[in-house]
Amino acid sequence: MQKGCLIRTLHPMETLLIGYARCSTDTQDLSAQRQALMALGVAEERIYTDHGLTGSNRSRPGLDQALAAVRAGDTLVVSKLDRLARSVPDAREIAQQLEVKGVKLALGASIYDPEDPIGKMFFNILATFAEFEADLIRMRTREGMAIARLKGKLRGKQPKLSEKQQTELCRMHATGEYSISDLAEVFSVSRPTVYRTLERHRKTGA
């Protein structure tokens with residue numbers, strides 16, 4: 001195969017493969033990504049992960065460990081680009097680190113060579129689409145929340161105490177027989193919640 005070719009078939013015998021997987025929330029499962037990486041030839045003990053961290057969060061311990069583990073000639077393997085980075089600057093920074101170390105990047109079964117000029121352009125295009133996708137998701141989320149508010153399905157943070165509980169808390173406090181700590185314990189809320197309830201009662205004059 002010619003030197004400098006952008007896309008090459010991944011071959012686990014040619015180089016050491018280091019895998020990386022990430023999910024954005026604690027409720028998501030990394031099993032599918034792990035299985036995909038192992039199917040590409042990555043040994044399970046060489047898969048580094050971040051759980052509950054967004055791609056835009058550059059402080060990712062698992063990614064830092066993966067980048068520290070790769071050496072010249074190795075290949076960093078991710079199932080999709082959006083698992084590695086969700087912004088163009090972040091993707092470029094990672095690509096620069098790999099280029100300095102002489103490490104290739106595999107997106108699924110295709111390898112990106114950071115030393116190839118066309119490869120750099122291809123990587124930037126992919127990163128742009130990944131960032132665009134992330135922006136679309138954020139936009140759809142905001143639009144969905146706006147629609148929900150209009151329909152009365154999203155009312156914001158609700159008080160921890162009902163109206164009756166708030167009235168009773170204020171009545172008990174007015175007797176002078178209960179401290180803030182006592183009230184917090186009785187109503188199973190925090191001290192700041194008690195203070196806020198009393199302050200709202202004072203402002204409304206109820």
Original post:
Where is the tightest heavy-atom contact between Cys23 and His51, given as atom of each residue plus distance?
Top reply: SG-CD2, 3.2 Å
Original post:
Ala69 and Tyr48: which non-hydrogen atoms are nearest, and at how many Å?
Top reply: CB-OH, 3.5 Å
Original post:
Side chains of His173 and Tyr178: closer than 4.5 Å at any heavy-atom pair?
Top reply: no
Original post:
So do Val194 and Phe187 actually touch side chain to side chain, heavy atoms under 4.5 Å?
Top reply: no
Subject >> Residue pair Ile94 / Leu105, side-chain heavy-atom distance below 4.5 Å >> reply: no
Original post:
Going from OG1 on Thr197 to CG on Leu169, what distance comes out if it is rounded to the nearest 0.5 angstrom?
Top reply: 5.5 Å
**OP:** Take Leu107 and Lys80 through the test side chain to side chain contact (heavy atoms under 4.5 Å, CB included) and record every step on the way to the result.
**Re:** CA-CA 6 Å; Leu107 304 176; Lys80 292 170 57 180; over 6 Å; no
Original post:
Is a salt bridge present between Glu168 and Arg171, judged by a nitrogen-to-oxygen distance below 4.0 Å?
Top reply: yes
Subject >> Pairs flagged by salt bridge (Lys or Arg N to Asp or Glu O under 4.0 Å) wherever residues 178-189 is involved - sequence neighbours left out >> reply: none
Original post:
Is the closest side-chain heavy-atom distance between Leu16 and Thr75 below 4.5 Å?
Top reply: no
Original post:
Does a side-chain heavy-atom distance below 4.5 Å link Gln166 with His201?
Top reply: no
Original post:
Knowing that exactly one of Leu67, Leu98, Ile18 qualifies, which makes a side-chain contact (heavy atoms from CB on, under 4.5 Å) with Val103?
Top reply: Leu98
**OP:** To the nearest 0.5 Å, tell me how far Ser179 OG sits from Met172 CE.
**Re:** 10.0 Å
Original post:
Atom SG of Cys170 and atom CG of Leu161: how far apart are they, to the nearest 0.5 Å?
Top reply: 9.5 Å
Identify all side-chain donor-acceptor contacts of residues 32-43 below 3.5 Å with residues at least two apart in sequence or on another chain.
residue : atom : partner : partner atom : Å
Gln33   : OE1  : Arg22   : N            : 3.2
Gln33   : NE2  : Arg22   : O            : 2.8

**OP:** Answer whether the closest heavy-atom distance between the side chains of Arg202 and Glu199 falls below 4.5 Å.
**Re:** yes
Subject >> Distance (rounded to the nearest 0.5 Å) between Leu198 CG and Arg200 CZ >> reply: 9.5 Å
**OP:** Flag yes if more than 12 heavy atoms outside Glu44 fall under 6.0 Å of its CD atom; otherwise flag no.
**Re:** no
**OP:** Using atom types as modelled and distance alone, determine if a side-chain donor or acceptor of Asp50 lies under 3.5 Å from a backbone N or O of Ala21.
**Re:** no
Original post:
Lys101 side chain to Val70 main-chain N or O, any donor-acceptor pair under 3.5 Å?
Top reply: yes
Original post:
Can you find a pair of side-chain heavy atoms, one from Tyr20 and one from Ile47, that are under 4.5 Å apart?
Top reply: no
Subject >> Under 3.5 Å donor-acceptor, Thr167 side chain and Glu163 backbone >> reply: yes
Original post:
Side chains of Leu17 and Arg46: closer than 4.5 Å at any heavy-atom pair?
Top reply: no
